[in-house]
Structure formats: C-alpha cells, structure tokens
Amino acid sequence: MSFQFRMQKILDYREQLEEEAKISFANAKARVDQAQSHVTTIQDKLEEAVQKSQANPLMSAAEFWVNDNYIRGLQDDLEAALMQLKIAEEVRKEAQKLLTLRAIDKKMLVKLKERQHATWIHEEKLKEQHFNDEIATIRYKKAPAC
C-alpha cells in the first residue's frame, strides 16, 4: 500500500494558483520594464530638444515656437509616462504580494504532506516490526524443547 495524501487535489490547485501568480508577476514586471524604457526614451528626447534649443539661440520666432511647443509636449508626455510607470509599479507590487501569498499557501500544504508522509512511514515500520515480532514469537513457541 502506498502513501495517499488526501488533500492532493487541493495541493495541485494551489500549485496551479502559484503558477498563475508567477505568470501575472512576470507580466507586471515586463510592464514596469516597458514603462521605464518609455520614460527613458522621452527623457532622452526632451534632453535632446532642450540642448538643441540652447545650442541655437538665434532661431526665428516660428522655429522657437515650434521647438517650445515640442518641449512642452515632451514634458506632458513625460508626466504621463511617469504616471504609467507608477501605476505599473503598483500593479507589480500587488502581483508580488499575491505571489507571496500563493507560495505560502502551497508551502503549508507541502509541509503537511511531508509530515503525513513521515507519519505514514513511521506507522508502516511499526506495523512491520509488530508483524516480525509476532512471527518470531510463533516460531519460538513452536520450537521443540530439548
């Protein structure tokens, strides 16, 4: 007879939930990386536009207006990208918390399974020892007296 963990289906379900949480966390982390990359790109463009503006102080009024509006647009884009980054980081934190909870839930069942398995092994050894003791007792009683 082999060991049967009565809560195996629950353990399987918890493992599935943990895997889903890992996928969710990976997706959230990818979104944070993407948002960070977007922020960096906008910051680089903004820096480049400001340097271009400072490098050419003798622009015409039309060029200055276009460049100024471009810089303002980039600043607005940067604010929006920073907000998206903040939201993505919050989502990642929540996904991390969920993953931690799922891992703890699964770990508790795994430990319970291990304890029950150890108890089962101990009981099987006791049964085997008891059986061997009975056989030895029966053999001793049947042995002829000399």
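Basis for what follows: all heavy atoms, side chains included, without hydrogens, waters or symmetry-related copies.
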*Asks:* If you measure from CG on Leu98 to CD on Glu20, what distance do you get to the nearest 0.5 Å?
*Replies:* 9.5 Å
*Asks:* How are the rings of Phe3 and His117 set relative to one another: parallel (under 30°), tilted (30 to 60°) or perpendicular (over 60°)?
*Replies:* perpendicular
*Asks:* Using side-chain heavy atoms (C-beta onward) and a distance below 4.5 Å, is Asn27 in contact with Arg31?
*Replies:* yes
*Asks:* Using only atom types and a distance under 3.5 Å, with no angle test, would you say the side chain of Ser53 pairs donor to acceptor with the backbone of Ala49?
*Replies:* no
*Asks:* For Arg72 and Asp68: C-alpha separation, side-chain torsions, deciding distance, then whether salt bridge (Lys or Arg N to Asp or Glu O under 4.0 Å) applies.
*Replies:* CA-CA 6 Å; Arg72 287 183 189 170; Asp68 188 51; 3.1 Å; yes
*Asks:* Charged N to carboxylate O below 4.0 Å: is that the case for Glu128 and Lys125?
*Replies:* no
*Asks:* Flag yes if Ile87 and Phe25 sit in one hydrophobic cluster, no otherwise; membership is Ile, Leu, Val, Met, Phe, Trp, Tyr, and two members link when side-chain heavy atoms are under 4.5 Å apart.
*Replies:* no
*Asks:* Would you say the side chain of Leu78 lies within less than 4.5 Å of the side chain of Leu82, judging by non-hydrogen atoms?
*Replies:* yes
*Asks:* Going by the rule salt bridge (Lys or Arg N to Asp or Glu O under 4.0 Å), which residues pair with Lys111 if we only count those two or more places apart in sequence or in a different chain?
*Replies:* none
*Asks:* Please determine whether residues Ile71 and Trp65 belong to a single hydrophobic cluster, defined as Ile, Leu, Val, Met, Phe, Trp and Tyr linked transitively by side-chain heavy-atom distances below 4.5 Å.
*Replies:* no
*Asks:* Could you measure the distance from the CD1 atom of Ile135 to the NE2 atom of His130? Nearest 0.5 Å is fine.
*Replies:* 10.5 Å
*Asks:* Other members of the hydrophobic cluster containing Leu17, with the 4.5 Å side-chain heavy-atom rule, please.
*Replies:* Tyr13
*Asks:* Between atom OH of Tyr70 and atom NZ of Lys52, what is the distance when rounded to the nearest 0.5 Å?
*Replies:* 8.5 Å
*Asks:* Can you pull the side-chain hydrogen bond (donor to acceptor under 3.5 Å, both in side chains) pairs that have at least one residue in residues 33-47, sequence neighbours excluded?
*Replies:* none
*Asks:* More than 12 non-hydrogen atoms from neighbouring residues, nucleotides or ligands closer than 6.0 Å to CD on Glu48, yes or no?
*Replies:* no
*Asks:* Can you measure from CZ (Arg6) to CD (Gln116) and round to the nearest 0.5 angstrom?
*Replies:* 6.5 Å
*Asks:* Taking CD in Glu134 as the centre, count heavy atoms belonging to other residues, nucleotides or ligands within less than 6.0 Å. Is the count above 12?
*Replies:* yes
*Asks:* Do Leu109 and Ile104 sit in the same hydrophobic cluster, where Ile, Leu, Val, Met, Phe, Trp and Tyr count as joined when their side-chain heavy atoms come under 4.5 Å apart?
*Replies:* no
*Asks:* Would a single hydrophobic cluster contain both Leu112 and Ile121, if residues Ile, Leu, Val, Met, Phe, Trp and Tyr are joined by side-chain heavy-atom contacts under 4.5 Å?
*Replies:* yes
*Asks:* Glu63 and Asn67: side chain to side chain contact (heavy atoms under 4.5 Å, CB included), yes or no, with the steps?
*Replies:* CA-CA 6 Å; Glu63 290 175 333; Asn67 195 40; over 6 Å; no
*Asks:* What verdict does the side-chain hydrogen bond (donor to acceptor under 3.5 Å, both in side chains) test give for Asp12 and Gln16, after you've listed the backbone C-alpha separation in whole Å, the side-chain angles of each residue and the deciding distance to 0.1 Å?
*Replies:* CA-CA 6 Å; Asp12 294 342; Gln16 179 185 354; over 6 Å; no
*Asks:* Give the intermediate values and the outcome of salt bridge (Lys or Arg N to Asp or Glu O under 4.0 Å) for residues Lys22 and Glu19.
*Replies:* CA-CA 5 Å; Lys22 284 180 182 178; Glu19 287 301 316; 3.6 Å; yes
*Asks:* Give the intermediate values and the outcome of side-chain hydrogen bond (donor to acceptor under 3.5 Å, both in side chains) for residues Gln8 and Lys113.
*Replies:* CA-CA 8 Å; Gln8 186 62 44; Lys113 181 179 179 179; 3.0 Å; yes
*Asks:* Would Leu46 and Leu85 show up in the same hydrophobic cluster when neighbours are defined by side-chain heavy atoms closer than 4.5 Å?
*Replies:* yes
*Asks:* Are Glu18 and Lys106 ion-paired here, with the side-chain N under 4.0 Å from a carboxylate O?
*Replies:* yes
*Asks:* Between atom CZ of Arg92 and atom NZ of Lys29, what is the distance when rounded to the nearest 0.5 Å?
*Replies:* 8.0 Å
*Asks:* At what distance, to the nearest 0.5 angstrom, does CZ of Arg139 lie from OG1 of Thr137?
*Replies:* 11.0 Å
*Asks:* For Asp133 and Gln129, which I'm curious about, is there any donor-acceptor pair between the side chains at under 3.5 Å?
*Replies:* yes
